[in-house]
Amino acid sequence: MTIDKQLRDSISLGLSELYDIQSNSEDLTLQPTRKEFQGTHTFVTFPVAKKAGKNPQVIAEELGNYLTKNDPLTASFQVVKGFLNLSLHDNLWLEKLADIAGEPDWGQTPANQSMAVVEISSPNTNKPLHLGHLRNNFLGFSVCNILEAAGYTVKKVCIVNDRGIHICKSMVAYEKFGNGDTPEKLKVKGDHFVGDYYVKFNQEFKQQVREIVASGADQKEAEKNAPILKDAQQMLKNWEAHDPPTLELWQLMNQWVYDGFEITYKIIGANFDQIYYESDTYLLGKDIVNEGLEKGVFYKKEDQSVWVDLSQEGLDEKLILRGDGTSVYITQDLGTADLRYQDFQFDRLVYVVGNEQDYHFNVLFKILKKLGRAYADGMYHLSYGMVDLPSGKMKSREGTVVDADQIIEEMVRTAEVHTRELGKIEGLDQEEAQKLYQTLGLGALKYFLTKVDPRKRILFNPEESISFQGDTGPFIQYTHARISAILRKARTLALPFDFDAAAISELHPTERSVIYLLNEYPNRIAIAASEFAPSVIAQYVYELAKDYNRFYADVSIFNEQDTNKQQFRVVLSAQTARIIKDSMRLLGIDVPERM
RNA sequence: GGUUCCGUAGCUCAACUGGAUAGAGCAACUGCCUUCUAAGCAGUAGGUUCGGGGUUCGAGUCCCUGCGGAAUCACCA
């Protein structure tokens, strides 16, 4: 039983015996005591004051007395207004630490038979990844790790947007300006190579529009009639008609992009259990249209287009199928939802997709519900905010994006500069040093993008590089490296990683707060999982690192005369390192042994 | 215009889902390396939580309203 649970039970019993108030121990408000007061757990007595017919402060006093007498955990208490601050016996914390040390899977919930499918990344194949994609990936993979830690079986899936007008634009531009160049020839990463033609397309398009406008047409007309756009639209038709040369070019260019993506994915540690291609799935969902019509959920207009009326649900009418029988985005998404369920029989299906599609997913989920899909209740749109620049939104077409490969490279280089400045590369060979820079650079970037509440937009200023101090990935990594040094020393001194809890009478406050946080770990994972929020873990591990550093500054380990205490502090350090490492793993971040 | 989300220190973010005197980091200033890694620790300064009402023992958090920002409302994806 957890400490919290035991305390709640005792409080519940106390309320019953003192005031004859029956309460469910789950419902009692027990919160962490603020740092400026003594104690670890605080019970707020205001809510029971009315029932007890006494003022909150009196209740706190009486309940405090009751607990010190009757509850085996409570050592002492302090009352501030209606707040009852409880201090537990230090021995309890010492035993807790020993428990944690003896529990190799601390934080991990045993598999609970639930299956979660998470859709991550979903790139377009006409341009390289940018910072926004990185947020998507980091968030998505972290959520997978967190769900796994919370007991889910997790399947990571990716749907590659490999067909459509966007890739046709790159293809047309390549035909026109490519001169038979290849990524190999130009020594350019494949995804960048193809992306360059997407940019070229838009330049040419703009040029043509200008010319048409100059010859007297209005802007809208010109944009519609630009020859290069017509070419792209024709190419899409050719593609849909399975025109062999078009398919060949399409495959060639997509492959270049995949080769490029693979390099980036490898660096950031992305991997998938299943990859869906839109070219395979874009026709799905048409059978669902018929099903909807039969069930009377959808209806047909005179021009044969199919619609759903969601005005009852507070939305509007929404097109499901065009009059000419071709699908729209949502048709396909209905189909892939069914396909996913066929493939995995998931309990939860999480879409990691930006908040610009909030409305779309709202519609999708409501339709599936109307169609009577039982799995619809388990669907969740993990909607995250955009990564914006000081100048506003990133736009691929206009080249105002922060490129993923470039920012990663910059972060790694910054890590190298910092490390060299601090003179911390002694004893590392070239390869180890390089690996360290990568660990630190990526750690800084991943932490930067996962520590913020997913819903909020992130402002990224390229002028100021991501920091390595304070609330950052490297700070936490540094704490781990520091502890590693202590553990190395403990090993050379042949200190046993074990201690006698009963022989220690009092804890230093910093020791107590570190153990308190170690004990909190499973709790935080549960919260992070239920909210699909890696930021919960990021905050936790920062807090843990911060508290440990406080302990490190205040308390000496190897100057301690009492060897049992020395051993206790080594164990405390070892467990902290372990939980830091594991928390960071949940965020997808590696931690070094030295830095 | 309708809908949804957001607005907290100069900047970037927290606040355990309604609890105490709203906390961290960056930037600024002051201390601390002959000691286990100073990418650290301690301290100073910094706030009308966008404005105005309401709900209650208690509101940054819930409700209403105004202001500001973002997204979306396509036979686009």
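Because the structure is predicted, anything quoted here is derived from the model rather than measured. Chain letters run A, B, ... following the sequence lines, proteins first and then strands; every chain starts at 1.
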- Query: With side chains defined as the heavy atoms from C-beta onward, is the minimum distance between A:Leu284 and A:Tyr276 less than 4.5 Å?
  - Reply: no

- Message: Measuring only between side-chain heavy atoms, which start at C-beta, is A:Phe532 closer than 4.5 Å to A:Tyr380?
- Response: yes

Students often get this wrong, so: under 4.0 angstrom with heavy atoms, is [X] touching a base, only sugar-phosphate, or nothing?
| X | result |
| --- | --- |
| A:Asp388 | nothing |
| A:Gly323 | base |
| A:Asn161 | sugar-phosphate |
| A:Arg34 | base |
| A:Asn124 | nothing |
| A:Leu440 | base |
| A:Arg524 | nothing |

For the atom pair [atom1] ([X]) and [atom2] ([Y]), what is the distance rounded to the nearest 0.5 Å?
| X | Y | atom1 | atom2 | answer |
| --- | --- | --- | --- | --- |
| A:Arg482 | A:Leu487 | CZ | CG | 13.5 Å |
| A:Arg163 | A:Thr281 | CZ | OG1 | 8.5 Å |
| A:Leu139 | A:Ser383 | CG | OG | 10.0 Å |
| A:His381 | A:Tyr359 | NE2 | OH | 14.5 Å |

Qualifying residues under ring pair (Phe, Tyr, Trp, His ring centres under 6.0 Å), relative to [X], sequence neighbours excluded:
| X | answer |
| --- | --- |
| A:Tyr282 | A:Trp239 |
| A:Tyr552 | none |
| A:His166 | none |

Sorted by number, the residues of [range] with heavy-atom contact under 4.0 Å to RNA chain B:
| range | value |
| --- | --- |
| residues 44-53 of chain A | A:Val44, A:Phe46, A:Pro47, A:Lys50 |
| residues 481-495 of chain A | A:Ala481, A:Arg482, A:Ala485, A:Ile486, A:Lys489 |
| residues 536-545 of chain A | A:Gln539, A:Tyr542 |
| residues 553-566 of chain A | A:Ala553, A:Val555, A:Ser556, A:Ile557, A:Phe558, A:Asn559 |

- Item | Closest to side chain of A:Asn549, choosing from B:G40, B:C73, B:A39 | B:G40

- Message: Checking contacts here: which listed nucleotide (B:A39, B:A22, B:A24) is nearest the side-chain heavy atoms of A:Lys546?
- Response: B:A24

Examine the side chains of [X] and [Y] and answer whether a donor and an acceptor come within less than 3.5 Å of each other.
| X | Y | value |
| --- | --- | --- |
| A:Glu317 | A:Tyr299 | yes |
| A:Gln357 | A:Tyr351 | no |
| A:Lys366 | A:Asn362 | yes |
| A:Asn254 | A:Thr125 | yes |
| A:Thr510 | A:Asp554 | no |

When rounded to the nearest Å, what value does the distance between [atom1] atoms of [N] and [M] take?
| N | M | atom1 | result |
| --- | --- | --- | --- |
| B:C62 | B:A14 | P | 15 Å |
| B:G25 | B:U65 | C1' | 36 Å |
| B:G19 | B:C63 | P | 15 Å |
| B:A15 | B:C50 | P | 15 Å |
| B:U44 | B:A24 | P | 11 Å |
| B:G40 | B:G69 | P | 38 Å |
| B:A20 | B:A74 | P | 45 Å |

Taking [X] for its side chain and [Y] for its backbone only, find out whether a donor-acceptor pair lies under 3.5 Å.
| X | Y | value |
| --- | --- | --- |
| A:Thr45 | A:Gly82 | yes |
| A:Thr2 | A:Lys5 | yes |
| A:Trp250 | A:Ile167 | no |
| A:Thr33 | A:His41 | yes |

- Heavy-atom count around A:Lys581 NZ within 6.0 Å, excluding the residue itself: above 12? no

- Message: Are there over 12 heavy-atom neighbours, none belonging to A:Glu36, within less than 6.0 Å of that residue's CD?
- Response: yes

Whole-Å distance separating the [atom1] atom of [X] from the [atom2] atom of [N]:
| X | N | atom1 | atom2 | result |
| --- | --- | --- | --- | --- |
| A:Asp471 | B:A24 | CG | P | 12 Å |
| A:Arg135 | B:C13 | CZ | C1' | 12 Å |
| A:Asn523 | B:C16 | CG | C1' | 9 Å |

- Among A:Arg457, A:Lys456, A:Arg455, find the one that has a salt bridge (Lys or Arg N to Asp or Glu O under 4.0 Å) with A:Asp453. A:Arg455

Considering only nitrogen or oxygen atoms on both sides, find all protein atoms under 3.5 Å from nucleotides 43-45 of chain B and state each distance.
none

- Message: Under the criterion of centre distance below 5.5 Å and interplanar angle below 30°, is A:Tyr552 classified as stacked on the base of B:G40?
- Response: no

- Message: I'd like to compare against my own output: the B/S/- annotation of nucleotides 3-8 of chain B with a strict under-4.0 Å heavy-atom distance to protein.
- Response: ---SS-

- Quick one: is A:Tyr359 getting a side-chain N or O under 4.0 Å of the B:U72 phosphate, OP1 or OP2? no

- May I ask you to verify if any side-chain N or O of A:Lys35 is less than 4.0 angstrom from the OP1 or OP2 atom of B:G23? no

- Message: Could you walk me through whether A:Asp590 and A:Thr439 satisfy the side-chain hydrogen bond (donor to acceptor under 3.5 Å, both in side chains) test, starting with their C-alpha distance in whole Å, then the side-chain angles of each, then the deciding distance to 0.1 Å, before giving a yes or no?
- Response: CA-CA 6 Å; A:Asp590 273 339; A:Thr439 302; 4.9 Å; no

Report yes if a donor N or O on one partner sits less than 3.5 Å from an acceptor N or O on the other, where the partners are the side chain of [X] and the base of [N]; otherwise report no.
| X | N | value |
| --- | --- | --- |
| A:Thr472 | B:A39 | no |
| A:Asn85 | B:A20 | yes |
| A:Thr42 | B:A20 | yes |

Detail all sub-3.5 Å separations between protein N/O atoms and N/O atoms belonging to nucleotides 58-61 of chain B.
none

- Item | Paired and unpaired positions of RNA chain B as dot-bracket, Watson-Crick or G-U wobble under 3.5 Å, | denoting a partner strand | (((((((..((((.....[...)))).(((((.......))))).....(((((..]....))))))))))))....

- Torsion-based syn/anti label for B:C33, 90° from 0 as limit: syn

- Message: Restricting to side-chain contact (heavy atoms from CB on, under 4.5 Å), what partner residues turn up for A:Ala538, sequence neighbours left out?
- Response: A:Tyr447, A:Lys451, A:Leu587

